[in-house]
S.K.: 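Before I ask anything, let me first share the structure, which is written out below as structure tokens.
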Amino acid sequence: MVLPLILVINPGSTSTKVAVFKDLESVFTETLRHDTKDLNSYKTIIDQFEFRTQAILNMLKEKGISLSEIDAIVGRGGLLKPIKSGTYIVNDKMVEDLRKAERGEHASNLGAIIAYILAKEYNIPAYIVDPVVVDELEDVARITGMPEIEKSSIFHALNQKAIARHLAADLNKKYEEVNLIIAHLGGGISVGAHKHGRVIDVNDALNGEGPFSPERAGGLPVLDLVKLCYSGKYTYQEMKKKLIGQGGIVAHLGTNDVREVYKMIEKGDKKAELILDAMAYQTAKEIGAMAVVLKGHVDAVGITGGIAYNEDFVKRISERVKFIAPVYVYPGEDEMLALAQGAYRVLSGEEKAKMYS
């Protein structure tokens, strides 16, 4: 088989990452940084489509890469309706839903649209892989104490799934053969129970479940939160920011950078030590909860994400959970490779692409 050349497009809030992989070996990875003044000139994120697309084309031309050489394009999946895990062909329905942005506006919504338009011109397939809306929850995990509110599945699906496959391979087993708990530690923290290839339970890392994190408040005493909402001190948007973006470590310590927190600790800041330890404590508790979901049958615990680079923080978690199963650490999150791997599994015949409907 001819080694496939895969173009990966991953739009972020103020940048667009672009990479080309040949047989899963990186040819290059480039981050296109966009001036906020340019981005702010567009009314909606979708309106940035032509601006970002042209930036990608200009960069590819500089690199000497022609789209006629590319075998497939894979974009970062956006805020779609809940779907099963896997690699999906980008179709008209998916593009329509992302343009409507009924589940929210986010730069990642552009990934599939850009991939689709470029791929269509050259008659090659366009894919997305494991977007944040992957939903494999068991029915029992959806129920809350209020019939009006059902638990949703929004988490770091792309990295969790990629790391789970990696960890299963390190155990010399297939992902579908093992039970794993994967904890993604980043600006938000998600902890998932992976049972034989499905994430049957995971905290909704965006909407306020689970551990607090560098930027998110996590689970809170509900009545106290309701009182704060009705105190008259804050608008809806202000409360939303207190929960997502300005909650967690940044609310306590004024920084969302764990490295800065460690500098505070080195200077003898006892409060910083306590807050950091509390985040590790809550993360460990969530891992313990997922062990219960898996009825104690856990082959391994995987810790990943940017904060996993910090050995001390990982140690604070692993000391509490290592009795459950061996702990494996995979620092960072290589989203570009994970996206390329999803497309490669389809191109190589290892996996069949799913259709969005």
Side-chain angles (χ1 to χ4, degrees), residues 10-17 29 31-36 39 106-108 132 154-156 158-160 163 182-191 203-220 225 228 234 237-287 301-321 327-336:
N10 185 0
S13 57
T14 59
S15 66
T16 304
K17 291 182 180 179
T29 299
T31 299
L32 305 176
R33 304 199 182 278
H34 310 304
D35 192 311
T36 52
L39 297 180
H106 191 275
S108 62
V132 295
I154 300 179
F155 70 111
H156 306 90
L158 180 65
N159 191 46
Q160 283 222 20
I163 293 302
I182 306 294
H184 175 103
L185 314 179
I189 293 175
S190 64
V191 182
N203 64 295
D204 185 337
L206 179 63
N207 289 322
E209 276 194 314
F212 72 81
S213 73
E215 298 179 345
R216 296 172 193 173
L220 297 165
L225 177 60
L228 195 59
Y234 306 102
Q237 288 299 331
E238 288 170 338
M239 281 302 305
K240 187 175 179 181
K241 286 181 180 178
K242 285 178 74 65
L243 295 170
I244 306 165
Q246 295 177 2
I249 282 184
V250 72
H252 284 287
L253 302 175
T255 179
N256 62 2
D257 191 334
V258 171
R259 292 169 299 183
E260 291 299 318
V261 177
Y262 272 97
K263 289 179 183 178
M264 296 178 188
I265 294 171
E266 288 171 6
K267 293 177 181 177
D269 191 327
K270 297 298 183 184
K271 179 182 178 182
E273 173 83 32
L274 178 62
I275 298 303
L276 185 84
D277 203 41
M279 187 168 77
Y281 173 83
Q282 289 193 8
T283 303
K285 278 179 65 177
E286 195 70 18
I287 291 171
V301 175
I303 298 178
T304 183
I307 301 175
Y309 282 109
N310 191 292
E311 294 180 3
D312 176 78
F313 191 77
V314 170
K315 183 179 178 182
R316 290 170 189 256
I317 296 171
S318 60
E319 283 182 341
R320 293 184 181 275
V321 304
V327 177
Y328 291 73
V329 183
Y330 303 93
E333 50 177 316
D334 196 340
E335 292 180 337
M336 306 305 279

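Throughout, numbering of the chain's residues begins at 1 and tracks the sequence. What's counted below: heavy atoms across the whole structure, side chains too, no hydrogens, waters or symmetry copies.
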S.K.: Rounded at 0.5 Å granularity, tell me how far CG in Asp257 sits from CD1 in Ile307.
M.R.: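 Rounded to the nearest 0.5 Å, the CG-CD1 separation comes to 9.0 Å.
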S.K.: For Ser213 and Gly188, work out which heavy atoms get closest and say how close.
M.R.: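 Shortest heavy-atom contact: OG-CA, 3.5 Å.
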S.K.: State whether the side chain of Lys242 and the backbone N or O of Ala251 hold a donor-acceptor pair below 3.5 Å, judged by distance alone.
M.R.: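 No, because the side chain of Lys242 does not come within donor-acceptor range (under 3.5 Å) of the backbone of Ala251.
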S.K.: Are the side chains of Leu276 and Tyr262 in touch, meaning some heavy atoms are under 4.5 Å apart?
M.R.: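 Of all side-chain heavy-atom pairs linking Tyr262 with Leu276, at least one is under 4.5 Å.
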S.K.: Given Ile189 and Gln282, is the side-chain contact (heavy atoms from CB on, under 4.5 Å) satisfied, shown in steps?
M.R.: CA-CA 10 Å; Ile189 293 175; Gln282 289 193 8; over 6 Å; no
S.K.: Given Val261, which partner from the list Asn256, Ile275, Ile249 fulfils the side chain to side chain contact (heavy atoms under 4.5 Å, CB included) test?
M.R.: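 Single side chain to side chain contact (heavy atoms under 4.5 Å, CB included) partner of Val261 among Asn256, Ile275, Ile249: Ile249.
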S.K.: I need the Arg316 CZ to Thr283 OG1 distance, nearest 0.5 Å.
M.R.: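 Spacing of CZ (Arg316) from OG1 (Thr283) equals 12.0 Å.
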S.K.: Given Lys17 and Thr31, is the side-chain contact (heavy atoms from CB on, under 4.5 Å) satisfied, shown in steps?
M.R.: CA-CA 4 Å; Lys17 291 182 180 179; Thr31 299; 3.7 Å; yes
S.K.: Is a salt bridge present between Lys267 and Asp269, judged by a nitrogen-to-oxygen distance below 4.0 Å?
M.R.: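 Not counted as a salt bridge, because no side-chain N and carboxylate O are separated by less than 4.0 Å.
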S.K.: Are the side chain of Thr304 and the backbone N or O of Gly332 linked by a donor-acceptor pair below 3.5 Å?
M.R.: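 Checked: pair present.
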S.K.: If you compare all heavy atoms of Phe313 against all heavy atoms of Met279, which two are closest, and at what distance to 0.1 Å?
M.R.: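 Phe313 and Met279 have their closest heavy atoms at CZ-CE, 3.5 Å.
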S.K.: Look at the aromatic rings of His184 and His156 and report parallel, tilted or perpendicular, splitting at 30° and 60°.
M.R.: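 Answer is parallel, since the angle falls under 30°.
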S.K.: Nearest heavy-atom pair of Phe212 and Ala217: which atoms, and what distance?
M.R.: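 Heavy atoms of Phe212 and Ala217 come nearest at CB-O, 3.2 Å.
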S.K.: Which distance, rounded to the nearest 0.5 Å, do you find between the CD of Gln246 and the NZ of Lys240?
M.R.: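 That separation rounds to 12.5 Å.
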S.K.: Drop me the distance from Glu335's CD to Asn10's CG, to the nearest 0.5 angstrom.
M.R.: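 Interatomic distance, Glu335 CD to Asn10 CG, rounded to 0.5 Å: 5.0 Å.
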S.K.: For the side chain of Asn203 and the backbone of Glu209, is there at least one donor-acceptor N/O pair under 3.5 Å apart?
M.R.: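 Checked: pair present.
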S.K.: Are more than 12 heavy atoms, taken from residues, nucleotides or ligands other than Glu319, located less than 6.0 Å from that residue's CD atom?
M.R.: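 Above 12, so yes.
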S.K.: Name the one of Thr255, Val258, Leu185, Leu253 that satisfies side chain to side chain contact (heavy atoms under 4.5 Å, CB included) with Pro214?
M.R.: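 So the option named by the test is Val258.
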S.K.: How long is the gap from CG on Asn159 to OH on Tyr330, to the nearest 0.5 Å?
M.R.: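 Between atom CG of Asn159 and atom OH of Tyr330 there are 12.0 Å.
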S.K.: Any non-hydrogen side-chain atom of Arg320 less than 4.5 Å from a side-chain atom of Ile287?
M.R.: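 They are not in contact (no side-chain heavy atoms under 4.5 Å apart), so the answer is no.
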S.K.: To the nearest 0.5 angstrom, please state how far the CG atom of Leu39 sits from the OG1 atom of Thr14.
M.R.: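 OG1 of Thr14 is found 7.5 Å from CG of Leu39.
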S.K.: Within the structure provided, determine whether Leu220 and Leu243 are in side-chain contact (heavy-atom separation under 4.5 Å).
M.R.: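 The answer is yes, as the side chains (C-beta and beyond) meet within the 4.5 Å cut-off.
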S.K.: Do Val301 and Ser318 have side-chain heavy atoms sitting under 4.5 Å apart?
M.R.: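 Not touching, per the 4.5 Å side-chain cut-off.
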S.K.: Quick check: closest heavy atoms across Thr29 and Met336, and the distance to 0.1 Å?
M.R.: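 Looks like CG2-CG, 4.5 Å.
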S.K.: What's the shortest heavy-atom distance between Ser190 and Ala205, and which atoms?
M.R.: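 Taking Ser190 first and Ala205 second, the nearest heavy atoms are CB-CB, 3.8 Å.
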S.K.: Look at Lys241 together with Glu238 and state whether they make a salt bridge at an N to O cut-off of under 4.0 Å.
M.R.: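 Salt bridge between Lys241 and Glu238, a charged N being under 4.0 Å from a carboxylate O: no.
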S.K.: Please tell me if the side chains of Val132 and Leu206 come closer than 4.5 Å, counting only heavy atoms from C-beta onward.
M.R.: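 Not in contact.
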S.K.: Which atom names give the shortest non-hydrogen contact between Met264 and Ala272, and what distance separates them?
M.R.: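 Here Met264 and Ala272 meet closest at CB-CB, 3.8 Å.
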